[in-house]
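The structure under discussion appears below in the form of structure tokens.
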Amino acid sequence: MAATGMPPDRFTVVIPARNEAEMIAETISALRSCREIDAVVVVDDGSDDRTAELAEAAGATVMRHPRSRGKGAALMTGAGAVLEDEREGLVPPRGLIFLDADVGESAGGIRALAEPILEDRLDLAMAIYSARGSAGGHGLVVRLAQRAIEQRTGWRPELPLSGIRAMTLAAYRAVLPLAPGWGVETAMTIDAIEAGLRVGEVPTSLTHRATGTDWRAQLHRARQYLDVRRALAQRS
């Protein structure tokens with residue numbers, strides 16, 4: 001597949017966050033051990049807790065959505081600020097890392113995900129991570145995303161819904177606009193491969209809070225399923 005220019009040597013991390021006060025500061029603090037990370041942008045997507053306050057105190061640049069606009073919109077807000085800074089010459093060319101707010105101290109392991117981008121082996125790297133706690137789902141959304149990606153591209157990822165991704169800015173531009181809501185990862189993967197980018201999964205030591213079994217978790221899965229279906233319908 002086609003490469004997308006010179007690889008970056010630094011990354012900006014964009015973290016979409018809604019009501020993530022419990023772990024956001026720990027996640028940001030862990031990123032400080034990574035010399036490849038020179039900035040962290042947290043997009044507070046309509047939180048009603050102390051997410052924004054704690055993220056700022058931990059050293060992140062915080063952008064706010066007064067009301068929740070969904071994950072895809074939060075990622076575009078954060079990444080859009082990085083693109084604008086680059087266009088204005090305020091920062092040197094760098095890559096993007098999309099990171100979930102709840103990875104906590106395991107965020108220090110992000111280098112494994114960045115390496116294929118730094119070494120010009122991939123344009124878009126998707127993290128394989130482990131879950132903390134017990135998941136309560138039956139894998140319906142995962143299988144939907146896997147089948148759709150395989151049918152469209154011939155590649156079947158292990159974790160198609162992984163929201164932890166590293167990429168060049170050129171790769172990010174190639175997948176714009178991002179799909180709204182929880183359909184963003186599945187659509188991004190399809191769009192990137194169809195654009196001729198080098199896409200792959202990377203084993204990491206990152207950990208992620210498992211979606212639980214209560215009614216809120218089941219509602220989250222239902223929203224994920226609908227968002228993925230919508231994103232796929234727009235690409236049919």
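Hydrogens, waters and symmetry mates are skipped; everything else that's a heavy atom, side chains included, is used. For this chain, numbers begin at 1 and follow the sequence in order.
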task: Please name all residues satisfying side-chain hydrogen bond (donor to acceptor under 3.5 Å, both in side chains) with T186, sequence neighbours left out, ordered by chain then number.
output: none
- request: Specify the closest pair of heavy atoms between A231 and R235, including all atoms of both residues, with the distance to one decimal.
  value: O-NH1, 3.1 Å
message: Walk me through whether H65 and D44 qualify under side-chain hydrogen bond (donor to acceptor under 3.5 Å, both in side chains).
response: CA-CA 6 Å; H65 292 168; D44 183 353; over 6 Å; no
query: Going by atom types only, do R221 and Y225 share a side-chain donor-acceptor pair under 3.5 Å?
result: no
query: Hey, mind stepping through R94 and D38 against salt bridge (Lys or Arg N to Asp or Glu O under 4.0 Å) and telling me if it holds?
result: CA-CA 9 Å; R94 80 269 304 277; D38 65 357; 3.1 Å; yes
- line: Exactly one of L159, V199, L161, T204 clears side-chain contact (heavy atoms from CB on, under 4.5 Å) with M126, and that residue is V199
query: Can you find a heavy atom in the side chain of V42 that is under 4.5 Å from one in the side chain of M63?
result: no
- prompt: With distance as the sole criterion, is a donor-acceptor pair present between the side chains of T189 and R165 under 3.5 Å?
  reply: yes
message: Tell me whether R147 is salt-bridged to E150, with the criterion being a basic N under 4.0 Å from an acidic carboxylate O.
response: no
message: Looking at K71 and E185, is any side-chain nitrogen of the basic one under 4.0 Å from a carboxylate oxygen of the acidic one?
response: yes
message: For a quick test of reading the model, state the closest non-hydrogen atom pair linking P16 to L99 and the distance between them.
response: CD-O, 3.4 Å
query: Closest approach of V142 and P160, non-hydrogen atoms and distance?
result: O-CG, 3.7 Å
message: Testing the basics here: between R35 and R10, what is the closest heavy-atom pair and its distance to 0.1 Å?
response: O-NE, 3.5 Å
- prompt: Distance from L144 atom CG to Q224 atom CD, nearest 0.5 Å?
  reply: 10.5 Å
task: Check the hydrophobic clustering (I, L, V, M, F, W, Y; side-chain heavy atoms under 4.5 Å; chains of links allowed) and say if W182 and L178 are grouped together.
output: no
query: Does D45 reach the main-chain N or O of R69 with its side chain, forming a donor-acceptor pair under 3.5 Å?
result: yes
- prompt: Taking all non-hydrogen atoms of both residues, which atom of L206 and which atom of A107 are closest, and how far apart?
  reply: CD2-CA, 3.7 Å
message: Closer than 4.0 angstrom, basic N to acidic O: yes or no for D49 and R18?
response: no
- request: Would you indicate whether the side-chain heavy atoms of F11 and L118 approach each other to under 4.5 Å?
  value: yes
message: Looking at E194, I want to see if its CD is surrounded by more than 12 non-hydrogen atoms of other residues, nucleotides or ligands under 6.0 Å.
response: yes
- prompt: Going by an N to O cut-off under 4.0 Å, is there a salt bridge joining R143 and E158?
  reply: no
Atom of V202, atom of P116 and distance for their closest heavy-atom approach: CG2-CG, 3.7 Å
query: Is E22 atom CD crowded by more than 12 heavy atoms from other residues, nucleotides or ligands, each under 6.0 Å away?
result: no
field: CD1-CG distance between I117 and D9, expressed to the nearest 0.5 angstrom
entry: 13.5 Å
- request: Quick one: pull up CE in M188 and CG in L197 and give me the separation to the nearest 0.5 Å.
  value: 11.5 Å
task: Indicate the ring-plane relationship of Y129 and H208, choosing parallel, tilted or perpendicular according to the 30° and 60° boundaries.
output: parallel
- request: Establish, from distance only, whether the side-chain atoms of T168 and D123 form a donor-acceptor pair under 3.5 Å.
  value: no
